[in-house]
Amino acid sequence: MSSETASAKSPYGVKNPCIARLKVAHELTRPGATKSTWHYEIDLSGSGMEFTPGDSLAVQPQNDPELVGSIITALGFSGTETVPNPKGGEGTIRDVLTAVSAITEFDGKLLKAVAAKTGDNALLDLTTLEKKDELKKYNLGRDVLDVLNENPAAKFEPAEFIGLLRRLNVRLYSISSSLKAFPDQVHLTIATVRYESRGRQRNGVCSTFFADRVTLGSPLPTFIKSGAGFRLPEPNDDSPIIMCGPGTGIAPFRAFCQERRATGARGDAWLFFGEINRATCFFYEDEWQSYLADGTLRRMDTAFSRDQAQKLYVQHKMLEHGRLLFDWLEHGAIFYVCGDASRMAADVDKALQEIIAKEGGKTSEQALEYLETMKAAKRYRRDVY
Ligand code: NAP
């Protein structure tokens, strides 16, 4: 999926982003939570930017100035050196490292140049095609500053160094609001990524850009990335929908519920949500209660993984209600899943297969076929990252 493709409806794209402004920011996680997830409201008034629930917002972040400063120091520069700006023209190395070049990730180009300067053949070897998997492992948990610190003998000219870095790309976030409920606004639900690696604190580029550096009213370059494969049924389509969104995967389903309330959609809706603790991480709880009260949601099942000794996940709640879930599928329900791709989405897929086999009296091959048929009919839709 290319982040360069703007929505057909929007005049904005990576080269001509809409300069939106942050209007509201509040933490969704409560005190005592072991993670930090935030709700952001971005003002689009006057921009003409439009989107549909299921779309994502592309945001052009800037790098952490502290990390930029450490790289400049490691290189032995002052920060005021003039370099070509890969986007055109020129700028100081500090500005280019802040806004244009990627510094939390790198590829073989940087390593090749370092190896050439230090004569490190093992490092050079890592950049060959055959060592692709080893290079991936080497890159994990390392950033540009690690490479410089581990290779102090490698000295660069300012422009040469910039030429070895990748571009700082936009980040995509599933939109968590509907224009019908919040005209001229786009809402995001973002988990702030902070962790430690190699004895240093690491910060997710865009999530900490929002949490630490974007202030209310400051300009935010954005555009819409169409989520054409992740759409609600048309308003006059009565198909039931089942939404499974643990963690920040809840985002598009908040947009779906807002949209369905606004359009008076008649199909039933069932939401599965999972997080670590009910007391600290039940995001948007009041809003879900209001959807349950007015029928926008028929059912909601939650799985708070760390509220009991055994882990409880969304797929366990699906299995618990397997009979009913299969009935919904048999009545034409569309199944949506959003969130973590590495483990959750695969486990939810496995649970679906198990439910279809058990409740539908099918073999595992037939259950797989059933899911394939659902996919072909666009009744199994995924937005996973
Ligand atoms: P998360 O880590 O996906 O956790 C949400 C819930 O899912 C927790 O209760 C977790 O339980 C549970 N879980 C863990 N493994 C599971 C599995 N195999 N099946 C089902 N549930 C499972 O929450 P998140 O905060 O949304 O983070 C997701 C990742 O997406 C982060 O690494 C983030 O960087 C990335 N990401 C986020 C955004 C965004 O914020 N909008 C955008 C792009 C990427 P336990 O932790 O207790 O096991």
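Worth saying up front: this structure is predicted, and the values here are computed from it rather than measured. Numbering of ligands and ligand atoms starts at 1, following listing order.
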Counting both backbone and side chain atoms, is some N or O of [X] under 3.5 Å from an N or O of ligand 1?
X    : answer
A191 : yes
T37  : no
T248 : yes
D340 : no

Self-check item: Rounded distance (nearest 0.5 Å) linking atom CH2 of W38 with atom OG1 of T29
Solution: 8.0 Å
Less than 4.0 angstrom from a charged side-chain N to a carboxylate O is my criterion; do [X] and [Y] meet it?
X    : Y    : answer
D146 : R202 : yes
R21  : D43  : no
R142 : E150 : yes

Quiz item: Tell me, do F210 and L188 make a side-chain contact under 4.5 Å, heavy atoms counted?
Solution: yes
Quiz prompt | Nearest neighbour of atom 42 (C) of ligand 1 from the list F210, F304, Y173, on a heavy-atom basis | solution = Y173
Is [X] touching ligand 1 with its side chain, its backbone, both, or neither, if touching means heavy atoms under 4.0 Å apart?
X    : answer
I276 : both
K35  : side chain
V348 : neither
R306 : side chain
D347 : side chain

Is it the case that more than 12 heavy atoms not belonging to [X] sit under 6.0 Å from its [atom1] atom?
X    : atom1 : answer
K375 : NZ    : yes
Q308 : CD    : yes
K112 : NZ    : no

Considering non-hydrogen atoms of the protein only, which is the closest contact for [atom], and what is the distance?
atom                    : value
atom 7 (O) of ligand 1  : P246 CB, 4.0 Å
atom 34 (O) of ligand 1 : V193 CG2, 3.2 Å
atom 12 (C) of ligand 1 : Y313 CE2, 3.6 Å
atom 20 (C) of ligand 1 : Q315 OE1, 3.1 Å
atom 11 (O) of ligand 1 : S305 OG, 3.0 Å
atom 29 (C) of ligand 1 : Y385 CE1, 4.7 Å
atom 6 (C) of ligand 1  : G274 O, 3.9 Å

Exercise. Starting from the C-alpha separation in whole Å, work towards a yes-or-no answer on salt bridge (charged side-chain N to carboxylate O under 4.0 Å, His left out) for K137 and D133.
Key: CA-CA 6 Å; K137 269 191 224 148; D133 292 339; over 6 Å; no
Quiz prompt | Centroid separation F253 to Y291 less than 6.0 Å | solution =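 Here the rings of Y291 and F253 have centres that are no less than 6.0 Å from each other.
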Quiz item: Do the two ring centres, one from F283 and one from H39, sit under 6.0 Å apart?
Solution: no
Practice problem: Please confirm whether R260 makes a cation-pi placement over F256, using NZ or CZ under 6.0 Å from the six-membered ring centre and within 45° of the ring normal. | Solution: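 No.
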Atoms of ligand 1, numbered as shown, that sit under 4.0 Å from any heavy atom of [X]:
X    : result
T189 : 39 (C), 40 (O), 41 (N)
G247 : 5 (C), 23 (O), 26 (O)
M344 : 17 (C), 18 (N), 19 (N), 20 (C), 21 (N)
K311 : 45 (P), 47 (O), 48 (O)

Quiz item: Would a search of protein heavy atoms around atom 32 (O) of ligand 1 find one under 4.0 Å away?
Solution: no
Practice problem: Check step by step if salt bridge (charged side-chain N to carboxylate O under 4.0 Å, His left out) holds for D55 and R231. | Solution: CA-CA 8 Å; D55 285 347; R231 287 278 182 262; 2.7 Å; yes
